[in-house]
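Down below is the structure, laid out as structure tokens.
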Amino acid sequence: EEDEEEEEDDDEKVKEKTIKITFFEVGARVEGDYDAGGEYFPGFISSLSLGRDGQPKYDIKYDDGDFEKNVLREFIRYDLNHPANSHRKRTLSSSSPPPPTTTLPSSSSSSSSSSSSSSSSSS
């Protein structure tokens, strides 16, 4: 009986060390709030990394040639006007739909990234 209690305690410890994050996949057609200015522009996710805080950060290549690094998830939404996302129109609103959900161990968030929220180069 004591062994069973120890196993339960171990299970609880594992659950406490697990975090739930959502992310856009690399290549996803999105709209990004360029430089957090309140206006969204079409592009695609060119890379994804986890910051030291475990939060996903994205690089976006915009259709007009601009590029933005380390964009936080809150400034990105699916581009529902793009044919690649036509299947999403049935289930998601155009506001800021949630991307797929994945659970990762918190200890695996060791990928380093700069702490700035975004930087860009103009075309």
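Everything numeric in this text was worked out from a predicted model, so none of it was measured.
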From CA spacing to verdict: side-chain contact (heavy atoms from CB on, under 4.5 Å), Arg73, Tyr58: CA-CA 7 Å; Arg73 194 270 168 256; Tyr58 304 89; 4.0 Å; yes

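- For the atom pair Glu74 CD and Gln55 CD, the distance stands at 9.0 Å (nearest 0.5 Å).
- Contact check for Ile76 versus Asp33: no side-chain heavy atoms found under the 4.5 Å cut-off.
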Report the C-alpha separation of Ile45 and Glu25 in whole Å, then their side-chain angles, then the decisive distance to 0.1 Å, and conclude whether the side-chain contact (heavy atoms from CB on, under 4.5 Å) test is met. CA-CA 7 Å; Ile45 301 294; Glu25 61 279 359; over 6 Å; no

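- Here Phe41 pairs with nothing under the ring-ring contact (aromatic ring centres under 6.0 Å, His included) rule; sequence neighbours left out.
- Residues Arg77 and Tyr40 are in side-chain contact: their nearest non-hydrogen atoms beyond the backbone lie under 4.5 Å apart.
- The six-membered or imidazole ring of Phe24 lies near that of Tyr78, with a centre-to-centre distance under 6.0 Å.
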Given Phe67 and Ser46, is the side-chain contact (heavy atoms from CB on, under 4.5 Å) satisfied, shown in steps? CA-CA 9 Å; Phe67 182 78; Ser46 62; 3.4 Å; yes

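- With sequence neighbours left out, Asp79 forms a side-chain contact (heavy atoms from CB on, under 4.5 Å) with Arg29, Glu31, Pro42, Asn81, His82, Asn85.
- Side-chain contact of Tyr62 with Glu68: a donor-acceptor pair under 3.5 Å is present, judged by distance alone.
- Looking at residues two or more places apart in sequence or on another chain, you find a side chain to side chain donor-acceptor pair (under 3.5 Å) between Ser47 and Asp59.
- The minimum heavy-atom distance linking Gly27 with Phe44 is given by the pair O-CB, 4.1 Å.
- Minimum heavy-atom separation, Pro56 to Leu48: CB-CD1, 3.6 Å.
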